[in-house]
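Values below: every heavy atom of this structure, side chains too, minus hydrogens, waters and symmetry copies. Counting begins at 1 with the first residue of the sequence.
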Amino acid sequence: MRWLRRLWQKSLTERRIDSELQFHLEQQIADYVASGLPLYEARRRASLEFGGLERFKEELRENPLGKSSGNSCP
């Protein structure tokens, strides 16, 4: 039954990551719209800026505690 629990936990984690990333994408879109961009352009720019949510999800999977493999802050 441990495998089932791990599968459920992984699924829950994936949904949380999706939700968090979607929130930040929507927040960026709202910021662009507030600055005067049309909605379609705001979505386009936010998507380009994020570079794809899958990239962020993969980084979170590799470094679940948010530890960067690059330069770290003191």
Side-chain angles (χ1 to χ4, degrees):
M1 290 305 260
R2 281 186 179 172
W3 67 270
L4 185 58
R5 189 178 312 139
R6 279 184 286 192
L7 182 61
W8 172 254
Q9 201 61 27
K10 184 176 181 178
S11 177
L12 180 60
T13 301
E14 288 290 319
R15 287 193 306 264
R16 287 179 178 166
I17 290 171
D18 287 341
S19 177
E20 182 73 18
L21 292 174
Q22 189 63 36
F23 167 80
H24 288 288
L25 180 63
E26 290 173 6
Q27 200 62 42
Q28 186 62 50
I29 291 168
D31 289 348
Y32 281 139
V33 169
S35 73
L37 287 176
L39 182 58
Y40 71 90
E41 181 63 18
R43 283 187 180 138
R44 187 185 77 76
R45 284 194 188 182
S47 294
L48 288 173
E49 184 176 304
F50 273 75
L53 297 180
E54 287 303 316
R55 178 178 59 106
F56 284 106
K57 287 169 63 172
E58 189 61 34
E59 287 178 18
L60 286 170
R61 283 186 205 104
E62 292 174 3
N63 301 300
L65 298 177
K67 295 178 182 175
S68 171
S69 58
N71 297 334
S72 60
C73 296

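Connection of F50 to L37 is not established within any shared hydrophobic cluster, with ILVMFWY side chains joined at heavy-atom distances below 4.5 Å, either directly or through further cluster members. Both L21 and L25 are members of a single hydrophobic cluster when ILVMFWY side chains are connected at heavy-atom separations under 4.5 Å.
Taking OG of S47 as the reference point, atom CD of Q28 lies at 10.5 Å (rounded to 0.5 Å).
The salt bridge (charged side-chain N to carboxylate O under 4.0 Å, His left out) check on D18 picks up K57, with sequence neighbours excluded.
In summary, the side chains of H24 and E20 do present a donor paired with an acceptor at a separation below 3.5 Å, with no hydrogens or angles considered.
Of the candidates R45, R43, E49, E41, Y32 forms a side-chain hydrogen bond (donor to acceptor under 3.5 Å, both in side chains) with just one, namely E49.
Side-chain contact between I29 and L39 is present, with at least one heavy-atom pair separated by less than 4.5 Å.
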